[in-house]
Amino acid sequence: MHLDVERLKEKGGLLLVDKPVTWTSFDVVNKLRYALKIKKIGHAGTLDPLATGLLLIGVGKGTKMLTELQGLNKTYSGIIELGKTTPSYDLETAFNSESDLTGLKEDLISSKVAELTGVIEQVPPSHSAIKVNGTRAYKLARQNEEVVIKKRTVTIHQFDVSYNLPEIQFDIECSKGTYIRSIAHDLGQLIGVGGYLKLLRRTSVGTYHIKDAWPLDALLTEIQDFASN
């Protein structure tokens with residue numbers, strides 16, 4: 001892969017980046033802003049820090065595309081672990097419950113997966129960036145304050161699973177605004193044993209695919225090589 005950094009800075013454009021684990025989406029944008037020495041830069045569709053995968057970065061005039069890109073369907077792959085829960089619905093927080101999975105049947109799980117497919121209502125996690133009365137929900141949750149977030153209607157176009165209990169490997173195609181952490185939590189609740197999101201990777205946004213994305217380190221090296229010439 002080769003990036004025409006000079007043209008990108010002059011004309012603007014869209015960068016496909018494979019976000020590393022533990023980085024926030026803002027971390028990636030901020031790092032690229034500094035590396036490119038450009039002020040006008042942003043991303044379409046936030047990824048949680050523990051998630052990896054496709055992040056669309058608009059640079060210069062390319063930022064005009066971001067609103068439209070946010071509305072595209074997205075696909076994810078990952079792992080849901082049943083029998084345990086966390087307040088954040090992922091591994092950002094410690095486990096707060098554990099259930100016995102003895103006798104749990106795959107047929108039951110499959111029937112509950114079907115209930116979470118199609119047009120559904122979900123409540124985003126309290127540990128999320130949604131604003132509640134002007135404050136990010138996760139900030140309130142970390143202070144052990146009550147967080148009330150309204151339900152939202154989303155569409156799960158496809159929800160394919162395979163089993164290696166207590167883990168469920170999944171592939172999901174969904175509409176904008178879907179929280180996969182909530183899918184993991186809700187599936188665990190429907191089954192009656194609890195569940196959390198163990199691993200998440202975004203593989204596509206609309207027609208943009210992770211196979212065409214830059215690993216962040218390689219992208220930064222490309223930009224630094226340009227700057228040093």
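Worth saying up front: this structure is predicted, and the values here are computed from it rather than measured.
Panel note: side chain Ser182, backbone Val123; a donor-acceptor pair is recorded below 3.5 Å. In this structure, the side chain of Thr63 does not engage the main chain of Lys40 through any donor-acceptor pair within 3.5 Å. Not one N or O on the side chain of Ser175 forms a donor-acceptor pair closer than 3.5 Å with the backbone of Val154. Side chain of Thr203 to main chain of Thr75: a donor-acceptor pair is present (N/O by atom type, distance under 3.5 Å, no hydrogens or angles).
Residue Lys31 places its NZ atom among 12 or fewer non-hydrogen atoms of other residues, nucleotides or ligands, all under 6.0 Å distant. For Lys176, the NZ atom is loosely surrounded, since the number of other residues' heavy atoms within 6.0 Å does not exceed 12. Counting non-hydrogen atoms of other residues, nucleotides and ligands closer than 6.0 Å to OH of Tyr34 gives a total of 12 or fewer. Shown here is Glu121, whose CD atom has more than 12 heavy atoms of other residues, nucleotides or ligands within 6.0 Å.
Atoms CG and CG, on Leu14 and Leu16 in that order, are 5.5 Å from each other to the nearest 0.5 Å. One distance of note links NZ of Lys19 with NE2 of His43; it measures 10.5 Å at 0.5 Å rounding. Ile156 contributes atom CD1, which lies 6.5 Å from atom CD of Gln122 (distance to the nearest 0.5 angstrom). To the nearest 0.5 Å, atoms CG (Leu216) and OG1 (Thr221) are separated by 9.0 Å. Rounding to the nearest 0.5 Å gives a distance of 4.5 Å between CG of Leu82 and CD1 of Ile191. The structure places CZ of Arg33 at 5.5 Å from CG of Asn30, a figure rounded to the nearest 0.5 Å.
Nearest heavy-atom pair across Glu222 and Val5 is O-CG2, 4.2 Å. Heavy atoms only, all atoms of each residue included: Ala44 and Leu69 are closest at CB-CB, 3.8 Å. Across Leu55 and Gly45, no two heavy atoms sit closer than the pair CD1-O, 3.4 Å. The heavy-atom pair separating Pro49 from Thr24 by the smallest distance is CG-CG2, 3.9 Å. Smallest separation of non-hydrogen atoms from Ser88 and Pro125: O-CB, 4.3 Å. The nearest pair of heavy atoms linking Ala35 to Ile223 is O-CG2, 3.5 Å.
The same ILVMFWY cluster, assembled from side-chain heavy atoms under 4.5 Å apart, contains both Leu72 and Leu54. Residue Val193 is grouped with residue Leu165 when hydrophobic side chains (ILVMFWY) are merged at heavy-atom distances under 4.5 angstrom, including chains of intermediate members. Residues Leu56 and Leu32 are members of separate hydrophobic clusters, defined by side-chain heavy-atom contacts under 4.5 angstrom among Ile, Leu, Val, Met, Phe, Trp and Tyr. The hydrophobic clustering, which links ILVMFWY residues whose side-chain heavy atoms are closer than 4.5 Å, places Ile168 and Tyr76 together. Taking hydrophobic clusters as Ile, Leu, Val, Met, Phe, Trp and Tyr residues chained together by side-chain heavy-atom distances below 4.5 Å, Trp23 does not share a cluster with Leu199.
A 4.5 Å side-chain heavy-atom check between Leu187 and Leu116 finds at least one atom pair inside the cut-off. The closest side-chain heavy-atom distance from Ser111 to Leu108 is below 4.5 Å. When side chains are defined from C-beta on, Val161 does not count as touching Ile109, because their heavy atoms never get closer than 4.5 Å. At a threshold of 4.5 Å between non-hydrogen side-chain atoms, the residues Tyr179 and Arg152 count as touching.
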Exercise for the section: Please step through side-chain contact (heavy atoms from CB on, under 4.5 Å) for the pair Asp18 and Arg201, ending with a clear verdict. Expected result: CA-CA 9 Å; Asp18 188 346; Arg201 182 163 178 78; 2.7 Å; yes
Handout entry: Steps toward side-chain contact (heavy atoms from CB on, under 4.5 Å) verdict (Leu8, Leu15)
Key = CA-CA 9 Å; Leu8 177 67; Leu15 288 173; 4.0 Å; yes
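Phe159 and Phe170 have perpendicular rings, their planes meeting at more than 60° on a 0 to 90° scale where under 30° would count as parallel.
A salt bridge does not link Asp48 with Arg202: none of the charged nitrogens is closer than 4.0 Å to a carboxylate oxygen.
Using modelled atom types and a 3.5 Å distance limit, the side chains of Ser97 and Thr85 yield a donor-acceptor pair.
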